[in-house]
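Only a predicted model underlies this, so the values are computations on that prediction, with no experimental measurement involved. Below, read A as the first sequence line, B as the second, and so on, with proteins coming before strands; counting in each chain starts at 1.
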Amino acid sequence: MSKTLFDKIWDKHIVKHKEGHPDPLFIDRHFIHEVTSPQAFDGLKKRGIGVFNAQRTTATADHNVPTKDQHLPIKEALSRHQVETLRKNCKDFGVTLYDLGHPFQGIVHIIGPELGLTLPGMTIVCGDSHTSTHGAFGTIAFGIGTSEVEQVLATQCILQYKPKRMKIEINGRLSKGVLAKDIILYIISKISSSGATGYFVEYAGDTIENLSMEARMTICNMSIEMGARGGLIAPDQITFDYIKGKKFAPQGAELDKKIEQWKTLKSDKDAMFDKVLTFDATDIGPMITYGTNPGMGIKITDRIPTPEELKDISEQPSFIKSLNYMGLEPGSQLLGKHIDYVFIGSCTNARIEDLRLVASIVDGKKKAEGVEVWIVPGSKQVEDQARKEGLDKIFEAAGFELRSPGCSACLGMNEDKIPAGKYCISTSNRNFEGRQGPKSRTFLASPLSAAAAAITGRVTDVRELLTNEQLTIRN
Amino acid sequence: MKEKFSTIKSTAVPLPNENVDTDQIIPARFLKATTREGFGENLFRDWRYDSNNQPIGDFVLNNTTYTGKVLVAGKNFGCGSSREHAAWALYDYGFRVVVSSFFADIFKNNALNNGLLPVVVSDEFLQTILKRISTNPSTPIIVDLENQTISFEEMEETFEINPYKKSCMINGYDDIDYLLSLKEDIQQFDLQQS
């Protein structure tokens, strides 16, 4: 029988089917961090059991770490305690930890792929909803809660019912200045922040096939923002080339053998999906969000809708509440809107390609007066690479701050918070009320759009700043 | 062993907002604790308190007219971050049931894993119940998990719940108890993986 890629991986990971019970899905790779793991380790202690197979779990500190002076003890007592608890738990239970200062430390979804821990055909979970990022390699990867983290630590399995399957196909050539972030913001704006709830999404089509691995990760990362459990992309030569040479990936003949297996990881031609959506890449422009969920997005050149224009009038009260929070007028344009902060970071857009794109726009320019710009690399390796390429010099000359790796202002858990009432154009993934700090206001956009806004101090159509050469950038 | 879930009869708290994300339920800056307890204090923190930590009068949790173990919320409740702290905060505050016409997946699992019952009702039923609570806050809502019904006065609707999860809720079991019973099978499986 024909199968989707999702079904192929899923079915191979069921340990034992028992009638009346959800399937125990074996987990190949488990990532943990300081915020959603302490209660799970506590649970193991209470049960008097250890970690089932510590080799399959990797830890890092990312959500709640400072992005300045990482070599010093963490100032804030609760945050320090949380990171120290992770250290102690990893030591007691034999789990590898890439701690602050370690050359492999970074945002959990950035370090997995760059270390070759994320490989095609795997099942991957982490107590973080953006675990869907790893789906870019053709994996089943999804976010879980802390009780489930405990489950995986205790048994290397998670009890699950199979979600429905959705295919999202995107074909056509991307326009100038349009990045993967714009593709995913466009899709979410079309199907809403709950449009894929209950589904696991496979992204396909020639637009996706032409994207780099880092761009594919940006797409899969935001699958959760349309409600999907996860999103995946069939691995291909671009995937295999990315994996080659990564620290913990198979090498040499072993890799060649693996690649032959991975080549079978694709949906059969006549495989059935529960839902199929198709989009035309030529319709996608640089995108920006105006509201308080990622589905509230528009092309940067479009007007904000009015309540009357909503498809579902029952959504009007939430829509009006959202615009009030953002301090924006229905029907108005965002282009030219003054911004206070620029945040370039997060598991969505803090990889080296993102930093290179930003540098390509700001090289030789300065940030607008009164605007604060934070660049928070996704990992120590990204930071080191940026310095090696001299991107740090470009940022410094532009007046940008290059910080140390962590989740930072994406969720404002550490001190990197956007002040109340201030506008931040952010390459992160969520524009929820208060997400970047109490009463902060977030515009989600691509690294290019964020860089453009940093230079002008306003919401800007990046295509106006691109040189002819840059206009041909494909990502 | 978790607390067993039995039939709940309680007044309800209305929160008609749609797309209530887990960042609203419990903002990230309150996720620094390493235990499961005490999150109720900061439930809906930024809707409940102003920047001077004073209660915001028109937020429903600050309105003593509305109390009870049942929260009735607008559609797509619990979207966004996977933080289980959201379920802990609702439970710790005293809620045992959340009623909505649509829940985000991860939140739904987290709630079920923590003795907090997510009850999915039709849009119509949701609108009726919200209206009824606001006009008569003392309306008792009855949630009967065994029979999978939610009712108030003359209205009743049945709701779906996975039979396995239902039995876990009623008996206070959790998934780990079941998975540990498969330990040998899992070990075999692990060895066969390359």
When the 4.5 angstrom heavy-atom criterion is applied to A/Phe142 and chain B, the contacting part is neither
Does A/Cys410 offer a backbone N or O that forms a donor-acceptor pair with the side chain of A/Arg435 under 3.5 Å?
yes
Is any NZ, NE, NH1 or NH2 atom of the basic residue among A/Glu433 and A/Lys439 found under 4.0 Å from an Asp or Glu carboxylate oxygen of the other?
no
For B/Ile141 and B/Thr11, run side-chain contact (heavy atoms from CB on, under 4.5 Å): C-alpha distance rounded to whole Å, both residues' side-chain angles, the deciding distance at 0.1 Å, then the answer.
CA-CA 6 Å; B/Ile141 315 285; B/Thr11 51; over 6 Å; no
Residue part contacting chain A, namely of B/Ala33, when any heavy atom lies under 4.5 Å:
backbone
Worked verdict on A/Met226 versus B/Cys79 for side-chain contact (heavy atoms from CB on, under 4.5 Å):
CA-CA 9 Å; A/Met226 48 187 168; B/Cys79 59; over 6 Å; no
Pairs satisfying side chain to side chain donor-acceptor pair (under 3.5 Å), at least one member in residues 58-71 of chain B, at least two apart
B/Asn63-B/Thr65
What residue in A/Asn414, A/Ile14, A/Thr131, A/Thr292 has the most heavy-atom pairs under 4.5 Å with chain B?
A/Ile14
Under a 4.5 Å heavy-atom cut-off, does chain A meet the side chain of B/Lys108, its backbone, both or neither?
neither
Let's test your reading of the structure: which of B/Ile186, B/Asn113, B/Asn110 forms the most heavy-atom pairs below 4.5 Å with chain A?
B/Ile186
When the aromatic ring centroids of B/Phe44 and B/Phe59 are compared, is their separation below 6.0 Å?
yes
Heavy-atom pairs under 4.5 Å with chain A: which of B/Thr35, B/Asp46, B/Asp123 has the most?
B/Thr35
Heavy-atom cut-off 4.5 Å, strictly under: side chain, backbone, both or neither for A/Asn429 against chain B?
neither
My understanding is that only one of B/Val70, B/Val120, B/Val13, B/Leu116 makes a side-chain contact (heavy atoms from CB on, under 4.5 Å) with B/Val98; could you say which?
B/Leu116
Which residue out of A/His63, A/Arg47, A/Glu76, A/Lys417 racks up the most heavy-atom pairs below 4.5 Å with chain B?
A/Arg47
Cut-off 4.5 Å, heavy atoms of chain A, and the answer for B/Phe102 is side chain
Axial cation check for B/Phe5 ring with B/Arg96, 6.0 Å and 45° limits
no
Which atoms of A/Ile224 approach chain B - backbone, side chain, both or neither, heavy atom under 4.5 Å:
side chain
Could you have a look at B/Asn114, B/Leu182, B/Asp105, B/Asn109 and say which one has the most heavy-atom pairs with chain A under 4.5 angstrom?
B/Asp105
With chain B, the option among A/Glu225, A/Arg229, A/Lys12 that has the most non-hydrogen atom pairs under 4.5 Å is A/Arg229
Under 3.5 Å, side chain of A/Thr155 to main-chain N/O of A/Gln151, donor-acceptor pair present?
yes
Cut-off 4.5 Å, heavy atoms of chain B, and the answer for A/Phe41 is neither
Side chain, backbone, both or neither: which part of A/Gln160 has an atom under 4.5 Å from a heavy atom of chain B?
side chain
Shorter than 4.5 Å, heavy atoms on both sides: which option in A/Asp42, A/Thr197, A/Asn53 has the most such pairs with chain B?
A/Thr197
Please look at A/Thr85 and chain B and tell me whether the side chain, the backbone, both or neither of the residue comes under 4.5 angstrom of a heavy atom of that chain.
side chain
Could you check whether any side-chain N or O of A/Ser132 sits under 3.5 Å from a backbone N or O of A/Gly230, counting only pairs where one atom can act as donor and the other as acceptor?
no
Is it the backbone or the side chain of B/Asn76 that comes under 4.5 Å from a heavy atom of chain A, or both, or neither?
side chain
My understanding is that only one of A/Asp62, A/Asn64, A/Asp128 makes a side-chain contact (heavy atoms from CB on, under 4.5 Å) with A/Cys407; could you say which?
A/Asp62
Please flag which part of B/Glu18 lies under 4.5 Å from any non-hydrogen atom of chain A: side chain, backbone, both or neither.
both
Side chain from CB out, backbone as N, CA, C, O: work out which of these in A/Ser129 comes under 4.5 Å of a heavy atom of chain B, or both, or neither.
both
Are the side chain of A/Gln82 and the backbone of B/Leu31 linked by a donor-acceptor contact shorter than 3.5 Å?
yes
State, without any angle test, whether B/Asn147 and B/Asp144 hold a side-chain donor-acceptor pair at a distance under 3.5 Å.
yes
Less than 4.5 Å to any heavy atom of chain B: does that hold for the side chain of A/Ile144, its backbone, both, or neither?
backbone
Most heavy-atom pairs under 4.5 Å with chain B, out of A/Ala154, A/Ser314, A/Ser192, belong to A/Ser314
At a heavy-atom separation under 4.5 Å, does B/Asp175 approach chain A through its side chain, its backbone, both, or neither?
both
Among B/Gln187, B/Gln127, B/Arg83, the residue with the most heavy-atom pairs under 4.5 Å to chain A is B/Gln187
Tell me which of these, B/Trp88, B/Phe30, B/Phe103, has more heavy-atom pairs under 4.5 Å with chain A than the rest.
B/Trp88
Salt bridge check: are A/Glu150 and A/Lys46 linked by an N-O gap of less than 4.0 Å?
no
Sort A/Leu153 into side chain, backbone, both or neither according to what part of it lies under 4.5 angstrom from a heavy atom of chain B.
neither
Interface residue of largest heavy-atom contact number with chain B, from A/Gly198, A/Gly434, A/Gly412, under 4.5 Å:
A/Gly198
Determine, using ring centers only, whether A/His130 and A/His109 are less than 6.0 Å apart.
no
